[in-house]
> 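Sharing a structure, written as structure tokens. Questions coming.
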2 protein chains.
Amino acid sequence: MKILVTGGLGYIGSHTCVELIKAGHEPIAFDNLSNSQRSVLERVQRISGQPLAFIEGDIRDGAALDAVFQAHRIDAVIHFAGLKAVGESVSQPLRYYDNNVTGSLALFDAMARHDVKSLVFSSSATVYGDPVSVPIKEDFALSATNPYGRSKLIIEDMLRDLIKADPSWRIALLRYFNPVGAHESGLIGEEPNGIPNNLLPYIAQVAEGRREFLSVYGGDYPTPDGTGMRDYIHVVDLAIGHVKTLSKLATGPGIVTYNLGTGRGNSVLEMVRAFEQASGKQVPYRIVARRPGDIAACYADASFAESELGWKAERDVAQMCADAWRWQSLPK
Amino acid sequence: MKILVTGGLGYIGSHTCVELIKAGHEPIAFDNLSNSQRSVLERVQRISGQPLAFIEGDIRDGAALDAVFQAHRIDAVIHFAGLKAVGESVSQPLRYYDNNVTGSLALFDAMARHDVKSLVFSSSATVYGDPVSVPIKEDFALSATNPYGRSKLIIEDMLRDLIKADPSWRIALLRYFNPVGAHESGLIGEEPNGIPNNLLPYIAQVAEGRREFLSVYGGDYPTPDGTGMRDYIHVVDLAIGHVKTLSKLATGPGIVTYNLGTGRGNSVLEMVRAFEQASGKQVPYRIVARRPGDIAACYADASFAESELGWKAERDVAQMCADAWRWQSLPK
């Protein structure tokens with residue numbers, strides 16, 4: 001299948017392009033390069049041994065999208081493009097809503113115009129807000145605690161409205177937990193702008209010596225070691241989940257929603273130790289006050305994706321850290 | 001003050017332009033004429049005895065908005081522009097989200113670019129979803145039951161996020177109950193496209209003989225006469241509420257939310273009888289099954305707007321019907 005991948009040169013997008021090519025699909029990466037590097041294109045090609053089509057463009061540009069859909073017979077769209085930094089979304093909400101919500105609407109409009117109605121949408125476990133319990137199932141109540149999360153929830157709601165109006169769409173909402181790691185080649189991975197927002201890239205920069213120590217926000221949570229627990233999932237597992245979801249969409253119209261996580265929670269200190277082991281480096285840390293809005297533990301019930309897609313995350317924390325470190329320490 | 005009025009030639013927009021001029025303000029109507037008539041401009045001018053500036057344009061067109069803000073020193077924006085038919089929103093959700101959400105974002109972006117940070121937003125009592133009780137207070141839980149309602153709730157949420165990021169904005173969210181009636185001159189009023197979605201325009205067309213009878217959806221609600229009760233508010237009272245809100249915004253930055261309603265519920269059959277009396281015409285009706293999603297009673301607690309704005313609705317149901325009938329029966 002010919003798959004348009006918006007945000008295709010980004011962190012998850014680039015790994016998904018690799019897995020799409022591996023599975024015999026033909027991805028076309030569409031990316032405005034606002035938070036990705038053109039060099040990723042050549043790296044994906046090097047990993048895959050095959051060319052990757054790339055179009056530089058912004059999903060808010062309807063004419064650019066029209067040109068893509070006219071030039072290529074697209075079978076399905078995997079929609080990653082969007083801004084993703086929670087803190088930034090709080091200080092720049094209009095920018096986030098414009099990129100994420102207006103952008104997604106422009107994309108869905110273009111898809112409807114060109115009768116391309118198969119869509120995998122990159123949602124997030126953030127749509128569960130402050131969940132009542134863990135593990136989190138797909139039918140838990142949804143809410144948003146910041147503009148980034150709200151943008152994901154709004155887009156999910158719009159897609160649920162869309163399929164009610166036109167049941168011929170095939171839509172998958174994939175709610176990611178905490179994607180980490182990198183391709184085992186060390187050629188592609190996460191490239192945070194400035195200070196990393198997420199734990200593992202931060203740990204990696206401390207291990208590398210670029211930052212002095214890790215601040216651990218809260219050591220008194222009701223968890224085994226007192227630090228917060230999250231469901232870290234290897235980005236390659238996540239990418240494979242997208243390929244499996246495409247096969248599911250091919251079975252018929254409707255809307256499906258899957259948690260993509262491992263189903264396990266790991267604490268901050270467990271991740272620190274795993275990274276120290278993988279890298280052979282020390283990761284100094286300091287326990288500081290909790291951050292407002294953080295929750296003690298967040299991990300998926302991942303059984304629905306397993307039963308429906310025949311997919312589960314295979315890569316463990318040791319491999320996540322080893323791959324993240326290889327990516328971090330190889331020359332770019 | 002120079003006030004940009006988006007949707008300024010629409011039903012509520014045109015009445016608000018009249019009241020703005022009356023209060024000494026200078027409105028500039030901005031409208032894409034998708035659901036309004038150019039002739040309204042001349043009619044507002046005839047009522048006001050003063051010119052009304054008009055710019056034909058779409059709020060989704062950032063360049064058109066830039067031109068307006070460059071050409072005029074705008075003090076505040078009253079934002080009415082948007083699609084408003086609930087049923088249509090269910091069948092065309094992307095069109096509704098595009099017009100209402102993308103359009104509003106483009107407007108707020110343009111305001112931010114030109115440092116115009118005073119905004120009155122046309123919200124709706126629909127954001128209360130299925131309220132737990134009546135009368136409805138501004139702090140009730142919010143939810144959406146259809147894409148139209150969701151578009152209003154999304155925009156409210158975005159504005160609450162916006163003011164957290166930049167507390168220098170002055171924002172009022174006005175939640176309208178059921179606007180009816182017309183200007184007493186008979187020159188402007190509601191011009192529904194096709195079959196009216198709302199009760200009073202439908203009753204008016206039955207009274208006029210254009211439609212055979214009124215279908216009353218549900219005669220077994222737990223209300224005095226078994227028919228649904230709503231809070232009908234005269235559009236001129238509503239328009240005056242906007243002028244009062246502008247004065248409130250002038251007192252300082254922040255976000256305020258007001259119900260604009262009368263605080264009273266009237267049943268469908270009460271409205272039928274009032275319209276028969278006002279028009280001297282028969283309004284035949286038939287009680288039919290309830291519509292899914294309808295609620296028994298919905299009316300405002302309007303005390304907050306009264307204490308904060310010194311505003312309350314003055315025009316009674318008899319006047320609403322008399323003015324609606326005058327508008328309906330005068331030659332256009």
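Below, chain A is the first sequence line, B the second, and so on; all start at residue 1. For clarity, every value in this text was computed on a predicted model and none was experimentally measured.
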> Which residue, B/D109, B/L105, B/V101, forms the side-chain contact (heavy atoms from CB on, under 4.5 Å) with A/T102?
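Only one option passes, and that is B/L105.
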
> Between A/I154, A/L94, A/D161, A/V90, which shows the greatest number of heavy-atom pairs under 4.5 Å with chain B?
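Top count of heavy-atom pairs under 4.5 Å with chain B: A/D161.
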
> Specify which of B/A144, B/S91, B/P147 makes the most heavy-atom pairs with chain A at under 4.5 Å.
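Maximum pair count with chain A is reached by B/P147.
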
> What part of A/L162 gets within 4.5 angstrom of chain B, counting heavy atoms only: side chain, backbone, both, or neither?
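The answer is both parts of A/L162.
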
> How far apart are the closest heavy atoms of A/P93 and B/A165, and which atoms are they?
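In this case the closest contact between A/P93 and B/A165 is CD-CB, 3.4 Å.
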
> If you measure from CG on A/D98 to CE on B/M158, what distance do you get to the nearest 0.5 Å?
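Spacing of CG (A/D98) from CE (B/M158) equals 9.0 Å.
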
